[in-house]
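All residue numbers in this chain count up from 1 along the given sequence.
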Amino acid sequence: MTAAIRPFRIDIPQTAIDDLQQRLCQTRWPHAVAEDWRHGQPAGFIRELADQWLNDYDWRHHEAALNRHPQFTTEIDGQTIHFLHVRSPEPHALPLLLTHGWPSTVAEFLDVIGPLSDPRSHGLDPAVAFHLVIPSLPGFAFSSPLAGPGWDAARTAAAWDALMKRLGYERYGAQGGDVGALVTRELGILNPQGLVGVHLQQIFAFPSGAPGEMDKLSPFELAGLAGLERFQKYNGYVEIQSKRPATLGFGLVDSPAGLLAWNAELFFGFDGEAAATMDRERFLTHVSLYWFTATAGQAAQSYYENARTGAGYRELPNAAPTAVASFPNDFRTVRAFAERSHSHIVQWTEMPEGGHFAATDAPALLVEDIRKFFARLD
């Protein structure tokens with residue numbers, strides 16, 4: 001039975017929706033020290049999001065949008081794994097793993113599923129098409145409960161390979177951003193039989209201090225290093241989730257406003273730079289999935305596990321064909337640093353726009369880059 005693949009459908013009880021709305025109505029709001037972004041998410045901004053979640057957001061509509069795609073669960077290495085499995089109508093389609101990050105979910109990919117799996121219906125060349133497998137990370141949403149400690153990016157990568165083989169795919173590609181980039185990078189390091197290549201939105205590689213290593217950086221990369229300094233200044237969520245995720249979890253699973261503010265930190269930016277452009281409905285769908293499954297604390301555990309082992313950051317040899325799509329409003333990978341461990345980078349794209357959650361805020365650019373990369377490997 002552990003190898004069984006079971007159909008799955010999202011069906012949140014109305015009592016859970018009613019409970020969420022009641023909790024939002026009873027929120028105890030903190031006194032605002034300042035209505036700017038220097039201290040964290042401003043109270044006024046989080047109140048806006050909470051009001052939208054309570055009064056304007058229709059969970060059933062978004063639940064139905066997710067349920068339009070076939071979903072399944074299976075058990076791998078003792079862990080329940082939930083995944084979308086969208087088969088292309090094109091018979092030659094390449095199987096492709098898409099791995100989301102934190103604090104997002106499989107809903108991150110809703111805008112790219114159609115163009116990637118059914119390009120003919122979206123005005124794209126059907127010669128490049130994909131069967132899509134989109135898993136929820138262990139401990140996230142419906143891949144729960146977390147079966148135990150040890151689920152770092154490397155272990156997850158091994159589970160993803162087992163999942164693809166269980167589905168009968170002997171040849172496949174992989175793509176990911178954020179935590180998904182860590183898992184996909186580890187899949188490249190593992191380089192199992194049948195993996196044709198990995199497409200990454202980030203390779204988290206940093207200066208080593210070697211003489212002259214900064215000399216050949218592009219203007220795009222140099223600007224990105226300035227952004228890295230700002231990230232290191234404000235990334236308190238990384239410190240907490242890497243060191244004390246269990247303590248944090250009590251607040252995240254008991255207070256919807258607390259979960260809303262915590263997850264907003266990365267989505268909307270440390271200075272609110274994405275507050276006017278990010279799809280708030282999509283953001284609330286992510287938050288709702290964490291809330292209804294009470295998995296925000298478990299999801300934070302992934303940071304602890306990767307910090308403990310270095311998974312996703314280790315400079316181990318990755319010989320798998322690799323593409324990097326670097327978006328300007330994101331961590332900008334530096335090619336010279338990435339090449340220290342990635343010997344087969346065959347495509348490098350410095351994007352004109354887009355951010356950390358590119359499948360949502362720059363889906364056409366991401367789709368084009370994925371298609372271009374895997375077409376050259378086919």
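Counting only distance, with no hydrogens or angles, the side chain of R280 and the backbone of A275 share a donor-acceptor pair below 3.5 Å. Formation of a donor-acceptor pair under 3.5 Å by the N306 side chain with backbone atoms of S302 is found in this model. Although no hydrogens or angles enter the test, the distance criterion places a donor-acceptor pair under 3.5 Å between the side chain of S143 and the main chain of H82. The main-chain N or O of R38 is found under 3.5 Å from a side-chain atom of D36 such that the two form a donor-acceptor pair. In this structure, the side chain of N318 engages the main chain of A320 through a donor-acceptor pair within 3.5 Å. Side chain of R371 to backbone of D125: a donor-acceptor contact under 3.5 angstrom is found.
Between the side chains of W53 and S288, a donor-acceptor pair is found at a separation under 3.5 Å. No side-chain N or O of T309 forms a donor-acceptor pair with one of R155 less than 3.5 Å apart. Remark: the H286 side chain and the T105 side chain contain an N/O donor-acceptor pair separated by less than 3.5 Å. N67 and E63 form no side-chain donor-acceptor contact under 3.5 Å, judged by distance and modelled atom types alone. A donor-acceptor contact under 3.5 angstrom links the side chains of Q175 and Q201, judged on distance only.
In this structure the side chain of L146 reaches within 4.5 angstrom of the side chain of Q79, judged on heavy atoms. A 4.5 Å side-chain heavy-atom check between L187 and P192 finds at least one atom pair inside the cut-off. Inter-residue side-chain proximity for R166 and I76 is flagged as met; some heavy-atom pair is nearer than 4.5 Å. Side-chain atoms of R185 and Q202, non-hydrogen and from C-beta on, never get closer than 4.5 Å to each other. In this structure, the side chains of F109 and L84 stay at 4.5 Å or more apart for every pair of heavy atoms. Between R340 and F337 the shortest side-chain heavy-atom distance falls below 4.5 Å. For the pair W151 and T156, the minimum side-chain heavy-atom distance is below 4.5 Å.
Between F142 and F8, the two ring planes are tilted [angle within 30° to 60°]. The aromatic rings of F130 and F374 sit perpendicular to each other, their planes meeting at more than 60°, with 30° as the lower class boundary.
For the pairing with F357, the ring pair (Phe, Tyr, Trp, His ring centres under 6.0 Å) check across F267, F283, F327 returns one residue only, F267.
Rounded to the nearest 0.5 Å, atoms CG (D77) and CG (L163) are 13.0 Å apart. How far CZ of R335 is from CD of E350: 9.5 Å, rounded to the nearest 0.5 Å. Atom-to-atom distance recorded for H199:NE2 and I370:CD1 is 5.0 Å, nearest 0.5 angstrom. Note that CG of L222 and CG of L217 are 5.0 Å apart. Values are rounded to the nearest 0.5 Å. Summarising the geometry, atom OG1 belonging to T293 is positioned 8.0 Å from atom CD belonging to Q298; distances are rounded to the nearest 0.5 Å.
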request  = May I have the step-by-step check of side-chain contact (heavy atoms from CB on, under 4.5 Å) for I81 and W160, ending in yes or no?
outcome  = CA-CA 9 Å; I81 300 296; W160 279 191; 3.9 Å; yes
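The six-membered or imidazole ring of W102 lies near that of Y237, with a centre-to-centre distance under 6.0 Å. You'll find the ring centres of W37 and F45 inside the 6.0 Å limit.
The nearest pair of heavy atoms linking W348 to T333 is CZ2-O, 3.3 Å.
Taking 4.0 Å as the cut-off between side-chain N and carboxylate O, E90 and R120 count as a salt-bridged pair.
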